[in-house]
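Just so it is clear: chains get the letters A, B, ... in the order the sequence lines come, proteins before strands, and each one is counted from 1.
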Amino acid sequence: MAFTSVIPPLLPKVDAILVLDGEGNRLAGKYYGDFLTSTTSSSSRAAMSTGDDSKPASANVTVEDLRASFERQLQAKIQGIAARSDAAEVVTVMGKTAVFCGGMAMGASPSGVGGDVRVVHVGPNTESELLLAYLCEGMYDALSNLMGGQTDRNMVLDNLELVFLLIDEHCDGGVILEVDGAKLSSSVLLRDDEDMVADAGAGESAPQGAAPSTTGMRGMGNGFGMQGGDISIAQAFRQAKQQLIAGLQADGM
Amino acid sequence: MSAPMEEEEGLAGAVLKELQQVAEKFKDEDEEDAFISPYAHLEKSAVLQEARIFHDSVSVRENPRKCCTVIAQLLHLQNTGQFLSSTEATEVFFGVTKLFMSDDASLRRMVYLFIKEVAETCNPDDVIIVTSSLTKDMTCDVDLYRANALRVLARIIDSAMLGAIERYVKQAVVDSSGQVSSAALVSSIHLFDNAAENAVVVKRWIGEVQEATASPNQMVQFHAMQLLYKIKSNDRLGVSKLVQQFSTRNSLKSPLALVCLIRYASKLLHDEVAEGRLGDGYQTGSSICTIGYSFLESSLKHKSEMVIYEAARGICSLPQAQAQDINPAITVLQMFLSSPKPATRFGAMKILASISNSQPRLVAKCNEDLEALLSDPNRSIATLAITTLLKTGSENSIDRLLKQISAFLTDIADEYKITVVKSLQRLCFTYPNKHRILVGFMSNFLREEGGFEFKKTIVNSIVTLIKAVPETAESSLLHLCEFIEDCEFTMLSTQILHLLGEMGPTTSAPARYIRFIYNRVMLENSAVRAAAIASLAKFAASCPSLRASILTLLKRGMEDEDDETRDRTTLLISVLEDAMEKNPYVAPSEDEIDPENLPKDEPVAGDSAAYVLLDGMPVSFDKLRRSLEMYQNTPGAMDTADSLTFSSLPVVEDVPEETTSTHEMDDLGLGEIPSNEPIKEKVDPAAAVYAIPELASLGRAFRSSTAVPLTESETEYVVTCIKHIFESHIVLQFTVQNTIDDQRLENVTVMLEGGEDLYEITGEIPAESIKYGETANTFTVLQRNDDVPIEANAFASTLHFNVVQVDPASGEDESDAFEEEYPLEDLEISTADYMAKVSVPDFRKAWEGIGNDNEVLEKYALSFKSVEDAVTAVINLLGMQSCDGTGSVKANTGKPHMLHMSGIFIGGKAVYARAQLAMQGDSGVVLKIAVRSEDENIPRMVADCIR
């Protein structure tokens, strides 16, 4: 029957998870498996040999090129499309299904929530779009949590290690590990789920979070540079700056 | 009053604290001039320098934060394409291992991440050294450490070590912490895929995995489900039990796990149907099928859209599903079409689009919702909706649809337009009556803005339609003429000019195309000018009435600055002047013209211009090249003094063209994957024979059959046979493969019995020795008795050989040779083997040219269920090439099907056959066949092929 190509992969897997800024530059990302390398000719590989001595490195250069070209095509399609955090958009790029959240134009949202960064999940074209959207929305949720609601390029770049950890907690070698946004962000911040519930209550009264933690995990969490709330130094700085600018603009009007 | 005050104070405190931090930050950054992200402008060498800090135990202890940043910087380097070389990676890796000294949790977390990222680049022997640290973490009591250490270990471990830690992993699978349990399960999934030895170990944990499926944690359910299926995937019964168990027990709460289960269920159904165990339908058939189907159907009522979608897709992809099976799924998909989520709409649209290919009527009830989607902001969805509508819509709705599309098409990207044009083309096949409006619609787009690919698609569509629906020809040609008036693509212009030359002269008024073509001669670049001249040549040759005026036009082309154009013009003028002198055109006088019966404007017989300009080469260039190559390869051919003529060249058979099936992707309009497969170089199959010096005297092989298997493909000795037909001999090339690892075969031959009247075995060339896994050829030469008419013969064949037992490990002989026989399937040499599949450019001309002197007429009643089957069978029985596209049957015309075939019989005699096939009753086909040839005996032999 002609439907055979519609049969989805038996184990849901993603081919790549990308965090792109508004211009399509990859801020962080991870490709799983070899979906890009398998579709290309070896000639481009030969042409791309750099002066590097080691073999895997020169092979990697071409992989990087392929990824860059994939991302360019992806960007061409998603440019200008903004997707709400609860309604991921879908495009098809080079025969792959790509689902993404984010991509608000700078300053588009008055509340200062959101940003130009997009979270993109790439899967085989037989993978269910709904499933990919579910994953993408989960990760985007966690990302906005971690970034204090501001998912713009600078914020993400300043907190890149959180993003790396997020991707790692979200997906392990292409297999989905966790999807729930709250759980993801709490495990990136090295907190247990139970702690998080307590935190929500305690956050208001003790913003410094100076109380020594009993679990040991909390204590180490602080070593990460996270102050009691969800705000890091860099985040605080950004927010202060933005508020300042907003204030100035309001005055100028 | 006091409460808000306190709150304000608290807030103020927080703000103050924050500002202090900001100030501190500023101070720090003042030295660096501005606020710079730690990840901006990273240099690999600088970061590697920084990474030395890992070796300094004091700063590792005191400043874990700094170490974290460096690791993140290293990861960022990887991420931006500045990869570490193997030596660099190893060095950094050793540094990172020192970080296990620190107890800082976030640093440890980064270390885990780093090891995973770098493990692939480093030497595996180096990576092993962290195993002990990881194993320690894996057994500690902090969940986070355990979970992560497990995941890292799974990446670097080998099967021996897996045995050592098996106990811990097994425990972790059923750990009370969801994080640890998930990590263990996911690691097991990776281990299972990595190596077969690991898979064996993982399989032993099936009890624990089963237990984990009952975990209250949804992700654990999901991971356990995946691993359980992996373990059981080769065990059909196990899988069907798994599906039955979980689909009836209803214990899975995780939507992701349910999605998996649905996929397993539909895979199971596919397998069941493929094995022919469907019974009489999904709702009443065999128990597994009904259970599977009812699980899918009940999942349509689940509360998660993801699960519903998966179930709907599962149902829609079921093989042999009936309307009543699919309908419930279509109903939910129809609701999805108005979902606020783009992914949901897209997914539903994709399924509906693929169903509409095979069962458009089922989707027709969604037409209203589909029309609403035409304005969807997501262009992929809108395009899918259009293409689907074009399949499901009725003939009456076409006009309305086109109106909607034209508004839509102006603001979408070219690739979507291409998809729409292709669907329009298909629509025109379905409703040929609408051709005028559809072709008109397409040609409107030719005049609008668009890239090359888009324009090319339209032109190709129009050209395809001209061939398929001849009524469109005249209007389409004029549309194309208008297009080339203002066409920026040389390739399209030349293609259209060529088409005009082919089709234009046979239309009702060829003269009106001349102006368009001549304009090209005046206005275009040299390639187009040359094409236009060639096109004019076709008109002049086919229509003597136009010759004088075309000649006048051509004379102006003599001055052309381009060599090719000028050469073509000069040749054309001289040919035309010559022909006009010999056969001057006489216009029919006014009073003789009968408006009802206009004399045909065509060249007289033997017209030289028509011969030079219209008759093509007797063979195509490609065939000529292959033919010459074969000629060169024939032993001795290059030494003879005979002159080379077309008739002395080897016969080249037509290779069946690989039908480029319209890819599913096409229909979905979701971009195509370019496939650039190398063109297969055709190897002369008879080369193996030419390589044998003893057989060189036989001369050139007339044709070679495809390889016929004489055994099943999985037997001890696999034998196939290629029949090489020579003028009066047949060389049978048996290819023997030895698949027994402790045997060597020696002196291998194939003995044949039967067909004594026609054939005599005159020689054998045995294969000397065939080791395990090798293949070798043995040849048997038959001489044909020329006096006996060729007919089908079956030979009983046996493989004869000597067996030597060998030790598979060392390859040394363990026994003496002893004789052995092995029965093969019967080998058949039929009349069709003597027939080369060669097409003729013009069947009708060839058929009439050969005359009916040697014609044989026969009538047969064949038992076939359809005309299609009968046509295929007749072509195979005769071994001839179908001509004029008569090899494919047009659907349900009700008229008898005419089949034209041509071929060349041994001895280089052309053979033509015309057959008429018609259904008689339900399971009978009546075949009338006429065979003609220049040889008096051949038609009888060929006609007797039908059995």
Side-chain angles (χ1 to χ4, degrees), chain A residues 1-3 5-8 10-12 26 28-29 39 41 52-54 56-57 60 64 83 87-95 99 125 128-134 154 157-158 160-161 164-165 168 172-173 175-178 187 190 192 207-208 217 220-221 223-225 233 236-237 240, chain B residues 14 17-18 21-22 25 37 39-40 64-65 68 72 75-76 79 81 83 85-86 104-106 109-110 113 121 142 144 151 179 182 186 189-190 219 226 229 256 259-260 263-264 267 305-306 309-310 313 317 319 340-344 346-347 354 357-358 378 380 664-665 670-673 676:
Chain A
M1 201 94 176
F3 290 129
S5 66
V6 187
I7 295 177
L10 285 170
L11 303 179
R26 189 197 326 150
T39 57
S41 62
D52 216 329
D53 47 355
S54 59
N60 279 338
E64 189 56 31
E89 275 287 350
V90 193
V91 292
T92 308
V93 186
M94 289 168 79
V99 172
N125 80 319
S128 152
E129 288 79 13
L130 276 76
L131 189 133
L132 289 174
Y134 175 61
N154 291 329
L157 265 185
D158 293 348
L160 210 49
E161 47 195 87
F164 287 144
L165 288 174
D168 185 59
D172 183 283
V175 180
I176 312 305
L177 207 53
E178 178 58 71
S187 53
L190 305 178
D192 286 344
Q208 270 78 6
M217 289 304 302
M220 292 184 238
F224 204 89
I233 296 171
F237 177 74
Chain B
K17 176 89 184 173
E18 249 177 49
Q21 288 164 357
V22 169
K25 195 81 185 168
S37 150
Y39 306 104
R65 177 87 201 112
C68 278
L75 292 176
H76 183 61
N79 198 19
F83 291 97
S85 72
S86 188
D104 188 275
S106 45
R109 187 71 189 76
M110 289 307 278
L113 188 56
T121 345
V142 185
L144 175 95
R151 283 167 54 198
Q179 205 178 9
S182 273
V186 171
I189 291 175
H190 288 307
M219 286 317 278
Q226 290 185 68
Y229 181 76
L256 283 173
V259 165
C260 287
R263 289 182 185 180
Y264 306 151
K267 170 82 166 50
E305 276 195 349
M306 197 164 54
Y309 174 77
E310 206 58 49
R313 176 155 78 159
S317 67
K341 293 190 170 202
T344 311
F346 187 94
S354 79
N357 282 334
S358 55
N378 185 320
S380 310
E664 198 70 25
M665 289 296 298
L670 305 168
E672 288 143 51
I673 312 159
N676 37 359

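- When each of I176(A), V91(A), L177(A) is checked for heavy-atom pairs under 4.5 Å with chain B, L177(A) comes out on top.
- Partners of E89(A) under the salt bridge (Lys or Arg N to Asp or Glu O under 4.0 Å) rule, at least two apart in sequence or in another chain, do not exist in this structure.
- Taking every heavy atom of both residues into account, H76(B) and L160(A) meet most closely at ND1-CD2, 3.0 Å.
- The existence of a salt bridge linking E161(A) and R109(B) is excluded, since no basic side-chain nitrogen approaches an acidic carboxylate oxygen closer than 4.0 Å.
- You'll find the side chain of Q226(B) stays beyond 4.5 Å of the side chain of L10(A), heavy atoms only.
- Heavy-atom pairs under 4.5 Å with chain A were tallied for V259(B), L256(B), I189(B); the largest tally goes to L256(B).
- Heavy atoms closer than 4.5 Å to chain A are found in the side chain of M219(B), but not in its backbone.
- Counting only heavy atoms from C-beta outward, the side chains of V99(A) and F346(B) never approach each other to under 4.5 Å.
- Using a 4.5 Å cut-off between heavy atoms, A28(A) contacts chain B through both its backbone and its side chain.
- S128(A) and R313(B) make their closest contact through N-NH2, 3.4 Å (heavy atoms, listed as atom of the first residue, atom of the second, distance).
- Taking 4.5 Å as the limit, every side-chain heavy atom of P342(B) sits out of range of all side-chain heavy atoms of E129(A).
- Nearest heavy atoms, R263(B) versus L131(A): NH2-CD1, 4.2 Å.
- With a 4.5 angstrom heavy-atom cutoff, L113(B) touches chain A only via side-chain atoms.
- Screening K341(B), E310(B), E305(B) against L130(A) for a side chain to side chain contact (heavy atoms under 4.5 Å, CB included) leaves a single residue, E305(B).
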